[in-house]
Amino acid sequence: MVIPPPDRPPSVTKFLKPYVLKMHFTNKFVSAHVIHTPTATVACSASSQEKASRGSMESTRDVAAAAKIGKLLSERLLQKNIPSVAVHLKREQKYNGKVKAVVDSVKDAGVKLLQN
């Protein structure tokens, strides 16, 4: 049984960015998700744990893998007609290394990035 997320009041949703890119990095894998904030659901995701993407990568945790995940995510976003996303960085994430690789490859593939 699937429980739908609660509806947010319009006063809250008017200030939210419609789609937010969130990234997660572990010692073994890289994953990126685009969240649809009004409904709090995952609109699109890509990870280096997927069987389809693992075969084309030498390593599933380095900067090159992060760039491939960003490219794969942007292709999926464009297929779902999501033209722009906002980037959400955690407090400990800085814009360099793997984070920069994911964001730059999403931007280079044609997805527009919104200001936070």
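The figures here come from the full heavy-atom set of this structure, side chains too, leaving out hydrogens, waters and symmetry mates.
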Participant: List, by chain and number, the other hydrophobic cluster members for Leu72, where Ile, Leu, Val, Met, Phe, Trp and Tyr join if side-chain heavy atoms come within less than 4.5 Å, directly or indirectly.
Facilitator: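 Once heavy-atom contacts under 4.5 Å are chained together, Leu72 still belongs with nothing else.
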Participant: List the residues meeting side-chain contact (heavy atoms from CB on, under 4.5 Å) with Lys71, not counting sequence neighbours, and say none if there are none.
Facilitator: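 Only Glu75 meet the side-chain contact (heavy atoms from CB on, under 4.5 Å) criterion with Lys71.
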Participant: Residues two or more places apart in sequence or in another chain: which of them pass side-chain contact (heavy atoms from CB on, under 4.5 Å) with Thr41?
Facilitator: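 Applying side-chain contact (heavy atoms from CB on, under 4.5 Å) to Thr41 gives Pro5, His36, Thr39.
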Participant: Looking at residues at least two apart in the chain, or sitting in another chain, which of them share a salt bridge (charged side-chain N to carboxylate O under 4.0 Å, His left out) with Lys98?
Facilitator: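 Per chain and number, Lys98 pairs via salt bridge (charged side-chain N to carboxylate O under 4.0 Å, His left out) with no residue.
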Participant: In a table with atom names and distances, give each donor-acceptor pair under 3.5 Å that connects a side chain of residues 79-87 to protein atoms at least two apart or in another chain.
Facilitator:
from  : atom 1 : to    : atom 2 : distance (Å)
Lys80 : NZ     : Ala43 : O      : 2.7

Participant: Return the set of residues passing ring-ring contact (aromatic ring centres under 6.0 Å, His included) with Phe25 (not counting sequence neighbours), or none when no residue passes.
Facilitator: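 Listed in chain order: nothing, the list is empty.
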Participant: Any pair with a residue in residues 99-110 that passes side-chain hydrogen bond (donor to acceptor under 3.5 Å, both in side chains), sequence neighbours left out, goes on the list, sorted by first then second residue, please.
Facilitator: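 Qualifying pairs, neighbours excluded: Tyr95-Asp104.
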Participant: Once salt bridge (charged side-chain N to carboxylate O under 4.0 Å, His left out) is applied, what residue pairs with a partner in residues 19-39 remain, sequence neighbours excluded?
Facilitator: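 Not a single pair qualifies under salt bridge (charged side-chain N to carboxylate O under 4.0 Å, His left out).
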Participant: Go through the structure and list residues passing side chain to side chain donor-acceptor pair (under 3.5 Å) with Asp62, not counting sequence neighbours.
Facilitator: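 Checked Asp62 against side chain to side chain donor-acceptor pair (under 3.5 Å); zero matches.
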Participant: Excluding sequence neighbours, so at least two apart, what forms salt bridge (charged side-chain N to carboxylate O under 4.0 Å, His left out) with Arg76?
Facilitator: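 Per chain and number, Arg76 pairs via salt bridge (charged side-chain N to carboxylate O under 4.0 Å, His left out) with Glu50.
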Participant: Say whether, by atom type as modelled, one donor and one acceptor occur between the side chain of Thr60 and the main chain of Phe29 under 3.5 angstrom.
Facilitator: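 Between the backbone of Phe29 and the side chain of Thr60 there is no qualifying donor-acceptor contact (under 3.5 Å).
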Participant: Name all residues meeting the ring-ring contact (aromatic ring centres under 6.0 Å, His included) criterion together with His24; count only those two or more places apart in sequence or in a different chain, and write none if there are none.
Facilitator: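 Per chain and number, His24 pairs via ring-ring contact (aromatic ring centres under 6.0 Å, His included) with no residue.
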